[in-house]
Number of protein chains: 4
Amino acid sequence: MATRGVNKVILIGNLGADPEVRYTPSGDAVANVRLATSETWKDRATGELQERTEWHNVVFFGKTAEIVKQYLRKGSKIYVEGKLRTRKWQTQDGQDRYTTEVVVDMGGTMQMLDSRQGSASSVPLEDTPPPARSRPTTPDAARPSHPDSGGFGDGADFDDDIPF
Amino acid sequence: MATRGVNKVILIGNLGADPEVRYTPSGDAVANVRLATSETWKDRATGELQERTEWHNVVFFGKTAEIVKQYLRKGSKIYVEGKLRTRKWQTQDGQDRYTTEVVVDMGGTMQMLDSRQGSASSVPLEDTPPPARSRPTTPDAARPSHPDSGGFGDGADFDDDIPF
Amino acid sequence: MATRGVNKVILIGNLGADPEVRYTPSGDAVANVRLATSETWKDRATGELQERTEWHNVVFFGKTAEIVKQYLRKGSKIYVEGKLRTRKWQTQDGQDRYTTEVVVDMGGTMQMLDSRQGSASSVPLEDTPPPARSRPTTPDAARPSHPDSGGFGDGADFDDDIPF
Amino acid sequence: MATRGVNKVILIGNLGADPEVRYTPSGDAVANVRLATSETWKDRATGELQERTEWHNVVFFGKTAEIVKQYLRKGSKIYVEGKLRTRKWQTQDGQDRYTTEVVVDMGGTMQMLDSRQGSASSVPLEDTPPPARSRPTTPDAARPSHPDSGGFGDGADFDDDIPF
DNA sequence: TTTT
DNA sequence: TTTT
C-alpha cells in the first residue's frame, strides 16, 4: 500500500474491557478494544499530582484480531502501531455521527507487554466458537499446545504465518 | 509531563483550508487545522489505482499556534507530532457529541515541509490582529522582516524562544 | 515478520550526495544514502542560534531501492521509516569495525517530500549502469510522460507493484 | 529545541546488563544501557522460526539517568523514545572510531514496562557509590515505602520534578 | 556531504 | 549481553 502522506499512531496502554470480536461474512475476525493511555503531571501551582486518562477505540483485523481475541483481556497492556480512521455512521433516527478509531492492519503491529507467566493477560481468553460455518471443525487448532508456557502470543505482524 | 502509557500521533499531510485561530481569555493562541493524509494502493482484482483520503482535526497551542497562524495556509504540507484526545461537547439541543483531535502541545512538534521560496505555504497568512488587549502595541513585531525570504519558520517546538 | 520488541526509526532530512546503488548477485537493488537531519536551538547563555547536523547511513532494498535510484539525488528531502541495524565488518588489515545503519525494508517506508515540479529531486537520476553511449540521446526516457503532473514518485512501500 | 528535520527512534527491549552510570563534573548523571530488541520470523523455505537480536547503545541524561540508575537493571523491559547521534572518538593509538547511540534527552522519554511488583526491574539498583558494606543489610532502603502500590517508577519525562 |  |  503506497501512501502520499503519513498517518501513524503509536500507543501503549491497557484494555478497559475484554475485546469484542465479530466475524465478517467471509469469516475474517475483527476485534475492537478500548485502550487507556494515562498521563500524569504535577500541577505547577498546587504541586499536586494530576492524572488524565485518554480512551482509544482500537480495531484489529485478520490474524491479529484472532490473537487479540485469544490472548488479550481486560487489563492487558499492549503496544499498538496503527493509523487514524474516522468512520461515519448513522444513529437509529438517521443522524450522522463520526467515530475516530485507531486501525491496526497490515501496516500496523500489536505486541503484548505483560507476558510474565501467571499474569492475567497471558492467559488466553476463552475461545468462544465463531459463527457456525466460518471455523467449524477445529476451532481451537491454533491454540498453542502449552498454554502455560507463558508469554507466547507476543508479537504479531500481519505477514506472519503463525504468530509464535 | 510524565506519562504512564504512550499516546503518539505522527502525520504528514496537507491543510484542507486556512487555519482557524482563536485566542483564550489569557491571550494564548489556539489554532485548528484540517489535515489530509492520503493513501493510494493498487486494487488486486482490477489493478486500478485506488485512493483514500483521511481528514484529521489538528489543534495547536501557544507559540506553535502563532506559527501556524502566520505561516500555514490551505495546501501547506506539514509534519506533525502530537497525541490523541477525544473531547466531549454538546449540541445546541443538549446532545452529547465526541470529537477526536490530534493535539500538538509541549510534547509535540510541527514542521513545514514546503519551504521552497515562492510556494504558497511559505507566504505568511495575513496577520489578523488578535483580541484588542491581548497583544496590543506591536502585534506584528514578530513577523520576519523579509517575508519573501522563504522557508523560515520551519521547525517549531514548544521550548523555543523564537522559532527561527 | 513478527517481533518481540520494537525497533523503529523515523527521519526527515536531506541527501548529502546522490544515492549509491549496487545489485546483489540475484539482481536485487540495494541503495545507500547519506541523510542529514539538523536541529537548531538558541544558546541560553549567548542567545545565539546554534545548529547541529546529524548524518545517517540509510539503506534501502528491493523496489524502494529502485525508486531511490531513480528519483532521489543530492539535496532531496525525504521521510524515512526504518529500523536500526549494526553491522560488523572488517578493515583490510583484519580489524573489526561496527557501523550502525537505518534499514528501510518491508517494514519501512520512504516518501519524497520535495515533489514540486522542477525541483532537483523529482528529476530521475540517470538510469542504471548504462553502457556508455546507450542513454545519451534519450537521457530522460525513464521520466514520467507528464513531468508537470507533479508529485509522481512520492510514496513507496514495499508491497507496491508500481510506486505511482 | 527547534529542528529542521526529524530524528526519532522508538525502541522496546530488554537491558542486557545493569546500567552504567557516571557523573559529569557538574554533577549530572549520565546512564548508559545496552538494549536488545529481537525480531522473529518464519523462514519461508524451511518453515523454521528465526530470531535476530539487535543491540542498541542508549544514553540517558539528567533526571532520567537517575531513574535509570535506580530502577533499571539487567533484564528490565523498557520503552524508549530518543534520537540518533553518532559520536566520534579515538582509540588509544589515535585512530578514529564512530559509535552510534540512541540519545534520550529532553525531547525523549523512557518508560518501564515491567512494573509488576516482585519483578526484577522494579527493584531499585543498589544505590550509588555505596560505602562497601553499607547496603547489604537493608538492600531495599531506596525502595518506595509502599512497595505494594505497584507500577511506581513507570514513566519519566525530562520536565518531571519527580518521576512518580 | 544536505537543507534553511 | 536481554527477553520469549
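Note on naming: letters A, B, ... go to the chains in the order of the sequence lines (proteins, then strands), and numbering restarts at 1 for each one.
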| query | With Arg34(C), which residues qualify under salt bridge (charged side-chain N to carboxylate O under 4.0 Å, His left out), at least two apart? | reply | none
| In whole angstroms, how far is the P atom of dT4(F) from the NZ atom of Lys42(D)? | 21 Å
| field | Closest listed nucleotide, where the reference is the side chain of Trp55(D) and the choices are dT1(E), dT3(F), dT1(F) | value | dT1(F)
| query | Looking at Lys77(D), does any N or O in its side chain come under 4.0 Å of the phosphate oxygens OP1/OP2 on dT3(F)? | reply | no
| request: Using a strict cut-off of less than 4.0 Å between a Lys/Arg side-chain nitrogen and an Asp/Glu carboxylate oxygen, indicate whether Glu54(D) and Arg52(D) qualify as a salt bridge. | output: yes
| field | Rounded interatomic separation in angstrom, taking CG from Leu15(D) and C1' from dT3(F) | value | 11 Å
| task | Take the protein atom CG of Asn14(D) and the nucleotide atom P of dT3(F), then report the distance between them rounded to whole Å. | result | 6 Å
| query | Quick one: Glu39(D) CD to dT2(F) C1', roughly how many Å, whole number? | reply | 15 Å
| query | In whole angstrom, what separates Ile78(D)'s CD1 from dT3(F)'s C1'? | reply | 13 Å
| said: Rounding to an integer number of Å, can you tell me how far Leu113(B) CG sits from dT2(E) C1'? | reply: 15 Å
| Between Arg87(C) and Glu101(C), is the closest basic N to carboxylate O distance under 4.0 Å? | yes
| Spacing between Leu72(D) atom CG and dT3(F) atom P, to the nearest angstrom | 14 Å
| request: Provide, to the nearest angstrom, the distance between the NE2 atom belonging to His56(D) and the P atom belonging to dT2(F). | output: 15 Å
| Partners of Asp96(C) by salt bridge (charged side-chain N to carboxylate O under 4.0 Å, His left out), sequence neighbours excluded? | Lys88(C)
| When all nucleic acid strands are considered with a 4.0 Å heavy-atom cut-off, which category describes Thr37(C): base, sugar-phosphate, or nothing? | nothing
| Picking from dT2(E), dT1(E), dT1(F), which would you name as closest to the side chain of Lys74(D)? | dT1(F)
| field | Nucleotide of dT4(F), dT1(F), dT4(E) approaching Glu51(C) most closely (side-chain heavy atoms) | value | dT4(E)
